[in-house]
Amino acid sequence: MTKQAIEDIKQLLSTHKKIVIVPHKNPDGDAIGSTLGLYHYLKKGNHDVQIITPNDYPNFLKWIPGERSILKHDSQTKICNGLIKDADIIFTLDFNALHRSGYMEPVLAESKAIKIMIDHHQAPDDYAKYMFSDVSMSSTCEMVYHFIDMLGDLDVIDTNIATSLYVGIMTDTGSFRFSSTTSKTHRIIAHLIERGANNSQIHNNIYDSNSYKSLQLLGCALTNLKVVPEFRTAYITLSQEELNKFDYKKGDTEGIVNYGLSLENIVLAAIFIEDKQEGIIKISLRSKGHFSVNDMSRSHFEGGGHINAAGGKSYLSLNDTVEKFISILPSYNKALNDE
Ligand code: 5GP
Ligand code: MN
């Protein structure tokens, strides 16, 4: 972000504003953590602030301070659209293209509010007046910390802000183990702990809230795990029937894709999850090293994300989607085997 942009934003925020904050559809820990971190920060500046998510998010995020104030666009459409129309400023967090907000896209596109993007995904679209986009960042939460820093307000960080931002840095870095985790990330985390983030309790709230059924679903996913050794690839499928059998709830499949990547010699992992209601197969891709699942998803699965973590979708059946995936692997042979 340029010095001028920071000055402009400081100026903007120097008077009372109506502000809406929006994360991507199917929000994850970083999406909810970053919106809540920014929410608490802006509230301290005495603005009217409302977070609007496109839809619901997993229960393991439903304890973060301020979470109860969040409105969901799919179930409270009228109120949400009114707030978006009236807003002076709209922050869009943890996504890089308006269509990532799902059914909110048209109302966001039409809004006259000043848009500010804070995001770490590859290839951002040019829809915001102010773009704070940095693909080297571990998480949008880390970027919100830098944003607060750029505005000269690190002193303002309290327990609510610290707790919210800690959540997304932790979840997007796989608890500080992915290569996007830097010494700077750890310094920020240290500061957030100093400001009241209770690290062990946060970890417990997010990761130790499994139900018996969700663990059984994990067991089913691991039973379905297949390996394609010649392309150093592992993949998992979950059919709608299997999801139903284990009483699937939003968030239950989060992180399962990473088990494929934990296998020795594997550099590409995928999970294919059938969603009969949306009529799609939801795809998550993960990789190690330089192999870009962002490119793979953009080319074949209508999605994108980061080099080592991306999502996408397919309108084929579960079996046909897997077949398509296997059929494209040879075209990545060199990249997969050079890794
Ligand atoms: P996940 O596999 O956990 O859903 O997503 C992995 C990463 O890719 C996340 O950063 C997520 O925001 C991004 N992502 C997931 N689905 C899509 C998609 O359909 N399009 C784009 N551009 N990014 C996605
Ligand atoms: Mn993120």
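Remember, it's 1-based here, ligands and their atoms both numbered in the order they're listed.
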Practice prompt. If you have a sec, work out which protein heavy atom is nearest atom 3 (O) of ligand 1 and how many Å separate them, to one decimal?
Written response: Arg286 NH2, 2.8 Å
Discussion item. What I want to know is whether Arg100 and ligand 1 share at least one N or O pair that is separated by under 3.5 angstrom.
Written reply: yes
Worksheet item: Can you tell me the protein heavy atom closest to atom 2 (O) of ligand 1 and the distance?
Response: Ser284 OG, 2.6 Å
Worksheet item: Does the shortest distance from the Mn ion (ligand 2) to an N/O/S atom of Asp94 fall below 2.8 Å?
Response: yes
Worksheet item: Got the closest protein heavy atom to atom 7 (C) of ligand 1, with its distance?
Response: Ala309 O, 3.6 Å
Practice prompt. Using distance alone, with no hydrogens and no angle criterion, decide if Ser138 and Ser180 have a side-chain donor and acceptor under 3.5 Å apart.
Written response: no
Discussion item. Looking only at distances, can you tell me whether any N or O atom of His306, backbone or side chain, sits closer than 3.5 Å to an N or O atom of ligand 1?
Written reply: yes
Item to complete: Determine, considering heavy atoms only, which of Glu302, Lys282, Lys313 sits nearest to atom 4 (O) of ligand 1.
Response: Lys282
Worksheet item: Does an N or O from His121, backbone or side chain, lie closer than 3.5 Å to an N or O of ligand 1?
Response: yes
Worksheet item: Going through the distances and angles, do Tyr166 and Ile64 end up as a side chain to side chain contact (heavy atoms under 4.5 Å, CB included)?
Response: CA-CA 10 Å; Tyr166 190 102; Ile64 308 171; over 6 Å; no
Fill in: Atom indices of ligand 1, in the order listed, that fall short of 4.0 Å to a heavy atom of Gly303
18 (C), 19 (O), 20 (N), 21 (C), 22 (N)
Worksheet item: When you look at Lys25 and Glu278, which way does the salt bridge (charged side-chain N to carboxylate O under 4.0 Å, His left out) test go after all the steps?
Response: CA-CA 13 Å; Lys25 190 181 167 197; Glu278 293 221 16; 3.5 Å; yes
Item to complete: Tell me, please, if Asp28 has any N/O/S atom, main chain or side chain, under 2.8 Å from the Mn ion (ligand 2)?
Response: no
Practice prompt. Could you tell me if the ring centre of His146 sits under 6.0 Å from that of Phe132?
Written response: no
Worksheet item: For the ring pair Phe325 and Phe272, is the centre-to-centre distance below 6.0 Å?
Response: yes
Discussion item. Looking only at protein heavy atoms, which one is nearest to atom 16 (N) of ligand 1, and what is the separation?
Written reply: Gly311 CA, 3.3 Å
Fill in: Identity and separation of the nearest protein heavy atom to atom 23 (N) of ligand 1
Gly304 O, 3.0 Å
Discussion item. Do Leu336 and Val322 sit in one hydrophobic cluster, given that two such residues count as connected whenever their side-chain heavy atoms are within less than 4.5 Å of each other, even indirectly?
Written reply: yes
Worksheet item: Does the side chain of Asp94 pick up a donor-acceptor pair with the side chain of Thr140 at under 3.5 Å?
Response: yes
Practice prompt. To the nearest 10 degrees, could you say what angle the Mn ion (ligand 2) makes with NE2 of His120 and OD2 of Asp30?
Written response: 100°
Worksheet entry | Cation-pi, Tyr57 ring and Lys62 (6.0 angstrom, 45 degrees) | yes
Discussion item. Taking Ile32's backbone N and O only, do any of them form a donor-acceptor pair with Thr35's side chain (distance below 3.5 Å, no angle check)?
Written reply: yes
Worksheet item: With the Mn ion (ligand 2) as the point of reference, which N/O/S atom of Asp172 is the closest?
Response: OD2
Worksheet item: Just wondering, are more than 12 heavy atoms of other shown residues or ligands nearer than 6.0 Å to NZ in Lys250?
Response: yes
Worksheet entry | Polar atom proximity, Ile283 to ligand 1 (N or O, under 3.5 Å) | no
